Amino acid sequence: MKFADLHLHTHFSDGTFSPEELAGHGQRLGFAAMALTDHDSVEGCARMAEVCGAAGIEFISGAELTAEHNDTELHLLGYFLDTHNEKLLADIGRFQAVRQNRIREMVARLNELNVPLQVETVFALANCKSPGRPHVARALVKAGLCKSLDEAFERFLKKNRPAWVPKAKMSALEGVELIHRAGGLAVMAHPGLNRTDDVIPVLVEAGLDGIECFHTKHSPAMSARYLEIADKFHLLVTGGSDCHGFSKGKPLIGTVKLPYEHVEKLKAAVSRKAVEPLNR
Ligand code: AMP
Ligand code: FE
Ligand code: FE
Ligand code: ZN
């Protein structure tokens, strides 16, 4: 049976794998298709397409956008994105700048707490345009200021902890529109993690195409629940491991194997839509 992993991160955001390493693992595990969904970035897609092609793996370009609706944070996956779409690049560029400024603020807070971390250290370690809290956590561990990533999050970086800084997010409705304008399909990521069930009908109304039913952190009961919701709202079904490499312990790739029939449905939907990307 053919299967896919449609939720993967590289070092172009907060994953630790390069596209080459990720495709290598995909090939070893026998994946027929993979999508790259770095946070607020499509930068790794070109290289990932190339290495997947060489490995005989079908590649789907994507991104994971951090969004919100009425103060509820949710993550939107965009698939089959035109990674050269100007509006997409401009908008995610703005959110990359937000992420970079947030790193500066978090480090300033750490310094106020007498934790002598330098912002240059974090940026050097992150080495990407879309840095996040995991990079601060890794820098804290590397500098010997925390023993583990967990400690870094627990003491400083988790929501409402002393070095946590809220992040300005794009509105979920704008996120769906942005993905559509870039020719993509908009999918709600890991709904079981974000308590976003009330938002589903709102996003469906806005044109949401799919929902991530299968995710490493979804229990079988959660997956079943979201499969029912997908059925009810006529949504496409996706799934992926959300692998961040060694960022959070063991690499997760291989934990979710989405049956390939769902990839076929996604491809049919995107070609049916043939959304004419605006502002190319
Ligand atoms: P950010 O986008 O900067 O807010 O960071 C979010 C990233 O941090 C996501 O990839 C999360 O999975 C990760 N993260 C959140 N909480 C923790 C935690 N307690 N331990 C490790 N990683 C975490
Ligand atoms: Fe992440
Ligand atoms: Fe996410
Ligand atoms: Zn993710």
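Both counts, for ligands and for their atoms, begin at 1 and track the order of listing. Since we're looking at a predicted model, the values are computed, not measured.
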shortest atom 8 (O) of ligand 1-to-protein heavy-atom contact is with Pro134 CG, 3.3 Å
Ranked by distance from atom 20 (N) of ligand 1, the top protein heavy atom is Phe153 CD1, 3.4 Å
Of all protein heavy atoms, the one nearest atom 11 (C) of ligand 1 is Lys248 NZ, 3.6 Å
min-distance N/O/S atom, Glu64 vs the Fe ion (ligand 3), resolves to OE2
Within the 4.0 Å heavy-atom cut-off, what Leu157 brings close to ligand 1 is neither
Are Lys2 and Glu261 ion-paired here, with the side-chain N under 4.0 Å from a carboxylate O? no
Quick check on the Fe ion (ligand 3): does Asp242 put an N/O/S atom closer than 2.8 Å to it? no
Between Ala63 and Ser41, the two heavy atoms sitting closest are CB-O, 3.6 Å
Note: Arg102, heavy atoms under 4.0 Å from ligand 1, region reported as side chain
### Query
So, His75 and the Fe ion (ligand 3): N/O/S under 2.8 Å, yes or no?
yes
min-distance N/O/S atom, Asp14 vs the Fe ion (ligand 2), resolves to OD2
for atom 9 (C) of ligand 1, nearest protein heavy atom and its distance come out as Asp14 OD2, 3.9 Å
Ligand 1 to Gly132, heavy atom cutoff 4.0 Å, flagged ligand atoms 3 (O)
Among His75, Arg133, Glu73, the residue with a heavy atom nearest to atom 6 (C) of ligand 1 is Arg133
For Asp242, is there an ion pair with Lys217 - N to carboxylate O distance below 4.0 angstrom?
no
Next item on the list: Tell me, please, if His39 has any N/O/S atom, main chain or side chain, under 2.8 Å from the Fe ion (ligand 3)?
Entry: no
* For Glu64 and His9, test the side chains for any donor-to-acceptor distance below 3.5 angstrom and give the result as yes or no. => yes
Before we go on, tell me: are the rings of Phe214 and Tyr226 under 6.0 Å apart, centre to centre? no
Legend entry - Backbone N/O of Pro116 and side chain of Asn111: donor-acceptor pair under 3.5 Å: no
Under 4.0 Å from one or more heavy atoms of Arg99, ligand 1 contributes atoms 2 (O), 3 (O)
Quick note on ligand 1: atoms under 4.0 Å from a heavy atom of Lys167 include exactly 1 (P), 2 (O), 4 (O)
Note to self: With a 3.5 Å distance limit and no angle check, can you tell me whether Glu212 reaches the backbone of His190 through a side-chain donor-acceptor pair?
What the structure shows: yes
> Do Leu208 and Met188 come within less than 4.5 Å of each other through their side chains, counting heavy atoms only?
Replying inline: yes
Notebook entry, point to check: From His244, does some N, O or S atom reach closer than 2.8 Å to the Fe ion (ligand 2)?
Noted result: yes
The answer for which part of His9 has a heavy atom under 4.0 Å from ligand 1 is neither
I'd like to know if the side chain of His135 and the backbone of Gly132 have a donor-acceptor N/O pair within less than 3.5 Å. yes
Item to complete: Would you check if Ile179 and Leu76 make a side-chain contact, meaning some heavy-atom pair closer than 4.5 Å?
Response: yes
| said: Looking at ligand 1, is there an atom of it that comes within less than 4.0 Å of some heavy atom belonging to His135? | reply: no
| said: I'd like to know if the side chain of His218 and the backbone of Gly192 have a donor-acceptor N/O pair within less than 3.5 Å. | reply: yes
In ligand 1, the atoms that come under 4.0 Å of a heavy atom of His39 are 10 (O)
query = Side chains of Lys257 and Asp5: closer than 4.5 Å at any heavy-atom pair?
reply = no
